[in-house]
Amino acid sequence: MTDVTATVVRLKLSLLRNGLRQSGGRRAAFVASAVVALLFAALQLLGLVLLRGHAHADAVAVLGAAVLALGWAFMPLFFPGGDETLDPTRLAMLPLRPRPLVRALLAASLVGIGPLFSLVLLVGCAVSVAHGAAGYAVAVVAVALALLVCVALARAVATANVRLLSSRKGRDLAVLSGLVIAVGAQLVNFGAQSLGSAGLGQLAPVADVVRWLPPASAIGAVHSASEGSYGTAVLQLGLSLAALVLLVGAWARTLTRLMTSPDGSTLQAPDAAGRSRSPEGGALGRRLPGGRTGTVMARSLRYVWRDPKTKAAWVTSLAIGLIVPVFNALQGTGSIYFACFAAGMLGIQMYNQFGQDTSAFWMVATTISSPRDAYAELRGRALALLLITLPYATLVTVLTTALLGDWPRLPEVLGLSFALLGAMLATGAWTSARFPYSIPQEGHKNVAPGQAGLAWIAIFGGMVSAALLCSPVIALTIALNVSAGGDEWTWLLLPVGAAYGATITWAGLRAAAPRTAACLPEILLAVSKG
C-alpha cells in the first residue's frame, strides 16, 4: 500500500519537475502563477484572521469553505489539462487494485499549488472562528477533513467525467471556461456591491444552512466547539467524515468501471440504417426555407452548435448581452437603453463570417460563381443569425424594461435594437469580404498570428460604421424625447427601427455580394492561414 502511494506521489512530483524542464517560459509561468496564488492566499488568510471577533465571522468562514469546495468540484471540468494525473485511464494497464490506487491518487492530489492554496484558505477560515483549546483542537481536525473532502470531490467528479474530458465535448467545455470565469466575475462583483451596501449580516441566513453541508460543516464544527456546543460540533464533523467516505466509495466504484470497461473507440458503431436522418438536417431543417438559403442557414446553425470556437463566441455574447443590462437594472443604476447591448453583442457574430469556415471555405467558394450566388450565401448566414438574435434581443429588452418598470420606452428601445442589429449585419457582411482573417482551431486564440490588425479593423471599424449607419434612428429618438409632446409618438420608433434595420441589412448584403464574388481567392487564402 505504502509503496503504491509513495510511487504515485513520486510520479506526480516527476511530472511537475519534467514539465518545468521543458522551457524557460513554462518555468517562469509556473513561478509567477505560484507567487500570485500564494500571495492571494496570504492576503485572504490575513483578512480572515482580522475577522476574529466579528459578529459575522462564522458566516464568512463557512461560506468561504463552501465556495472553495465548489471550485474544487468544477475547475477540473474546465481545466482538465492542469493536472496530468486526473486521467486514471493512463494507469489501466498496470496491475493495480482500485482501492490502493484511490488512496495513492488521493495522496498525489495533495501535491501542488492548488492544495497549498486551499490549505492556507481553510486555515484562515478555521482561525477566524476558533476560540479556546477545544476550538483549536477541532480546527486541526476540521482543516484536514475539509481539505480531503475537497480533493476527493474533485477526483470523483473528474473520474466520472474523464470520457467527457478527453472527447470533443470536453474540449468544447474547456473553451467555454473563459465564459464561466467572466460570468462568475460579474456575479462576484454584484455580490460584493450588495455586501458593501447591506453589510455581512445578510450572509447569516445562507450560512445557517450551508454550515450543515460538507465540507463547510467542518468549519462550522470549529465555531460550534468554540461556543461550547460540543455535540453539534461532533455531528458537523461526522457529516464531513461521512461525505468523505461516500465520495471515496463513489470514486472507487467509478474508477473500477472506468478501468475495466471499454470506451467508444473499442466498440463497433451501431448500424444506423434504420435511423435515417433528414438530408435537410432534421426537424429544424424541415422548418428552414428551401434551396440555398435553407442549406446555408442549416450549415451556419450547425457551426454554432458543433464548432468549439463558434459556440464559445456565441455563448459569451449571449451571456454578456444579458448580464450587462440586467445586472445594471438590478443594481438600480442601469438605463433601459442598455438593452441595446444584447443586439450589439450578437451583431458582432456577423463579422468575419468566412473565417469560422477556416480551410473548409474552399467548398463554399466552389459554389459561388456570381454576385447573385454570393448574395444568397450572405443572406443565408444573416438569416441564421437573425433566427437567434431577434427573439433574444426582444427578450432581453422586455426583461430589462420589466426590471426598471419603464414600459412606455419599450417600443423605442426595441426599434433602436432592431436598427442597430441591421446596421451590424450590413457592416459585418462587408467587412467579412473586405477584411477576412483566420480563426485557429487549437488553443484559445481567436486570431491567427500576423492577422491581429485585420481583426481590429474589421471589428472596431465595423462597429463605428454601424453606429454611423444608426445615426438617423438615434437622431429621431433624441428629437422625439426632447420635443414637447414627442413622447406621444415614440411608439413609431418600433416600426421605423424595424423597417430601417431590414432595409440597411438588405443594402449591406447587396453591397458586399460583388466584393465577395470577386475576391474569393484572397478570402480563401486569408481564412486558411490558421
Side-chain angles (χ1 to χ4, degrees), residues 41-73 99 102-103 106-107 109-110 114-157 195 198-252:
L43 292 175
Q44 293 296 311
L45 175 62
L46 178 61
L48 289 168
V49 170
L50 292 176
L51 276 178
R52 283 177 57 83
H54 193 279
H56 302 292
D58 61 316
V60 175
V62 167
L63 292 177
V67 171
L68 184 65
L70 286 176
W72 273 95
R99 292 199 177 277
V102 163
R103 283 190 285 269
L106 185 63
S109 300
L110 298 174
L116 182 58
F117 173 87
S118 302
L119 178 62
V120 174
L121 204 60
L122 288 171
V123 168
C125 292
V127 170
S128 65
V129 296
H131 299 282
Y136 282 105
V138 172
V140 174
V141 179
V143 168
L145 191 56
L147 181 61
L148 288 174
V149 170
C150 288
V151 173
L153 178 61
R155 284 290 180 170
V157 172
L195 288 176
L200 296 176
Q202 62 179 341
L203 295 178
V206 181
D208 290 339
V209 176
V210 174
R211 71 177 68 253
W212 293 99
L213 302 177
S217 61
I219 303 300
V222 180
H223 179 257
S224 298
S226 300
E227 296 293 321
S229 303
Y230 302 119
T232 302
V234 171
L235 180 59
Q236 289 173 318
L237 283 177
L239 289 174
S240 291
L241 180 60
L244 178 61
V245 173
L246 291 175
L247 285 171
V248 171
W251 179 17

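All values below come from the heavy atoms of this structure, side chains included, with hydrogens, waters and symmetry mates left out.
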Kindly give the heavy-atom pair with the smallest separation between [X] and [Y], and that separation in Å.
X: P215; Y: C150; answer: CG-SG, 4.0 Å
X: A61; Y: I219; answer: CB-CG2, 3.9 Å
X: A130; Y: S226; answer: CA-OG, 3.4 Å
X: A207; Y: V62; answer: O-CG1, 4.1 Å
X: V210; Y: A66; answer: CG1-CB, 3.5 Å
X: A142; Y: A218; answer: CB-O, 3.2 Å

Decide yes or no for [X] and [Y]: does some side-chain heavy atom of the first lie under 4.5 Å from some side-chain heavy atom of the second?
X: W251; Y: L247; result: no
X: L235; Y: W212; result: yes
X: S118; Y: P115; result: no

Atom pair CG (L244) and CG (L153), whose distance is rounded to the nearest 0.5 Å:
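If we round to the nearest 0.5 Å, L244:CG and L153:CG are 10.5 Å apart.
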Nearest 0.5 Å please: distance from the CG atom of L145 over to the CG atom of L122.
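L145 CG to L122 CG: 10.5 Å, rounded to 0.5 Å.
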Please lay out, stage by stage, how F117 and L121 fare under the test side chain to side chain contact (heavy atoms under 4.5 Å, CB included).
CA-CA 6 Å; F117 173 87; L121 204 60; 4.1 Å; yes
Check side chain to side chain contact (heavy atoms under 4.5 Å, CB included) between V141 and all other residues, then give those that pass, not counting sequence neighbours.
none
Counting N and O atoms only, with roles assigned by atom type, does the side chain of T232 sit under 3.5 Å from a partner on the main chain of S224, one being a donor and the other an acceptor?
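A pair under 3.5 Å: no.
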Would V60 and V129 count as a side chain to side chain contact (heavy atoms under 4.5 Å, CB included) here? Give the steps.
CA-CA 10 Å; V60 175; V129 296; over 6 Å; no
Would you mind listing every salt bridge (charged side-chain N to carboxylate O under 4.0 Å, His left out) that reaches into residues 53-63, with sequence neighbours excluded?
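Those involving residues 53-63 are D58-R211.
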S128 pairs by side chain to side chain contact (heavy atoms under 4.5 Å, CB included) with which of V222, L50, L48?
L48
